[in-house]
Amino acid sequence: MRKLVWIVPLFSLFVFSCTDRGSPIVEPEDQDNPDIVVEEEGITARFYDAENDFTKKALTSITDENPVRSSIEQFEDEGYGFESENSFVVRGVGPDGSEFELTVLAMSNTRDRFRDAVYLFCINCSEGFFTVPLRVSFDKVNPNPDSYQIDESVWLGWIGTPLQSVGAGAARMSWSQWARCVSERIAAGAAACAWICRYSPATYLQCLAICSAGQVIYALVYCTIQAL
């Protein structure tokens, strides 16, 4: 998280206004060494920053998988570049003990870095393996019907690219509703931090997760559990 050290002074000003959930944030000492852990309502969410060894191993493994590699190459053809240094991993455990792993791959716009960024959400769970593409855009108006507003001139939305998936679960899941759930929870919980993070699209979600002290992490886990 050293590359985000610039947000620390601002973070100290906004953290109490952002963390209205009251959930404990701890630095655990287990073997995976997550950077942040959030526990609430029987749900456990663990966040692994790009510099975490766990994330580095996960990225090496997942980007070698053919469905993920195909998705990366598809967006590279559209002018986006994969940035491992801005990617991260979230692991979730539901109230029933079910587990899943969410690897978020950041892809910056190589033509206009401050216009938008693509995130590939790679979900690995008992239902199968799914790659869900979302886009963070910076526009005054909604860029497409599948985008939801996070903050002023900031939108998060499902791109609608066909999913590369393995498992029957993809057929019954509403990915647009999942994206809406994530967007609404981020908007509700991280409004103050959205302004801080908006000037670096490829690091946007990672920055929000750190600045808002776990609310984005919890949103990702909660919405995924609801969808699965």
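A quick note: this is a predicted structure, and the numbers were derived from the prediction, not measured.
Distance CD/Glu101 to CZ/Arg46: 12.0 Å, rounded to 0.5 Å. Expressed to the nearest 0.5 Å, how far CZ of Arg91 lies from CG of Asn124 amounts to 10.0 Å. Interatomic distance, NZ of Lys56 versus CG of Leu59, reported as 10.0 Å (0.5 Å rounding). Taking CD from Glu78 and OG1 from Thr110, the interatomic distance works out to 11.0 Å, rounded to the nearest 0.5 Å. To the nearest 0.5 Å, the span separating CD1 on Ile225 from CG on Leu220 amounts to 11.0 Å. Between atom OG1 of residue Thr131 and atom CZ of residue Arg69 there is a gap of 12.0 Å, rounded to the nearest 0.5 Å.
For Gln177, the CD atom sits in a loose shell: 12 or fewer heavy atoms of surrounding residues, nucleotides or ligands are nearer than 6.0 Å. Counting heavy atoms of neighbouring residues, nucleotides and ligands inside a 6.0 Å radius, atom CD of Glu76 exceeds 12 of them.
Two residues are said to be in side-chain contact when any heavy atoms from C-beta on lie closer than 4.5 Å; Asn33 and Asp53 fail this criterion. With contacts defined as side-chain heavy-atom distances shorter than 4.5 Å, the pair Leu120/Pro133 qualifies. A 4.5 Å side-chain heavy-atom check between Leu105 and Cys122 finds at least one atom pair inside the cut-off. Put simply, the side chain of Cys125 reaches to within 4.5 Å of the side chain of Phe130, judged on heavy atoms. The closest side-chain heavy-atom distance from Phe47 to Pro34 is not below 4.5 Å. Contact check for Tyr148 versus Val182: no side-chain heavy atoms found under the 4.5 Å cut-off. A 4.5 Å side-chain heavy-atom check between Leu102 and Phe121 finds at least one atom pair inside the cut-off. You'll find the side chain of Asp35 stays beyond 4.5 Å of the side chain of Phe88, heavy atoms only.
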TODO: Go through the steps to decide whether Val216 and Val90 satisfy the test side chain to side chain contact (heavy atoms under 4.5 Å, CB included), and finish with yes or no.
DONE: CA-CA 10 Å; Val216 173; Val90 175; over 6 Å; no

- [ ] Applying side chain to side chain contact (heavy atoms under 4.5 Å, CB included), run through Phe82 and Thr63 and close with a yes or a no.
- [x] CA-CA 10 Å; Phe82 172 54; Thr63 53; 4.0 Å; yes

Task: Stepwise disulfide (SG to SG under 2.5 Å) check, Cys211 with Cys193 - done: CA-CA 6 Å; Cys211 180; Cys193 288; 2.2 Å; yes

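With Cys223, the cysteine Cys181 has an SG gap short of 2.5 Å.
The nearest pair of heavy atoms linking Ala50 to Ser87 is CB-O, 3.1 Å. Nearest heavy atom pair, residue Ile36 against residue Ile210, reads CD1-CA, 4.4 Å. In this structure, Val89 and Ala58 approach most closely via the heavy-atom pair CG2-CB, 3.9 Å. Smallest separation of non-hydrogen atoms from Arg113 and Asn86: NH2-ND2, 4.1 Å. The two residues Glu152 and Gln149 come nearest to each other via the heavy atoms CA-NE2, 3.7 Å.
With hydrogens and angles ignored, the 3.5 Å screen pairs a side-chain donor or acceptor of Thr55 with a backbone N or O of Tyr48. In this structure, Ser108 contributes its side chain and Ala117 its backbone to no donor-acceptor pair below 3.5 Å. Judged purely by atom type and a 3.5 angstrom limit, Ser71 uses its side chain to pair as donor or acceptor with the backbone of Pro67. Listed for the Ser183 side chain is no donor-acceptor partner under 3.5 Å among the backbone atoms of Ile150. Of the possible donor and acceptor atoms, none in the side chain of Asp139 sits under 3.5 Å from a partner among the backbone N and O of Val141.
Results of the side chain to side chain contact (heavy atoms under 4.5 Å, CB included) test with Ile43 over Val221, Val93, Val38 single out Val221 as the only residue that passes.
Centroid-to-centroid, the aromatic rings of Phe114 and Phe138 stay 6.0 Å apart or farther.
Aromatic ring pairs are classed by plane angle as parallel below 30°, tilted from 30° to 60° and perpendicular above 60°; the pair Tyr222 and Tyr218 is parallel.
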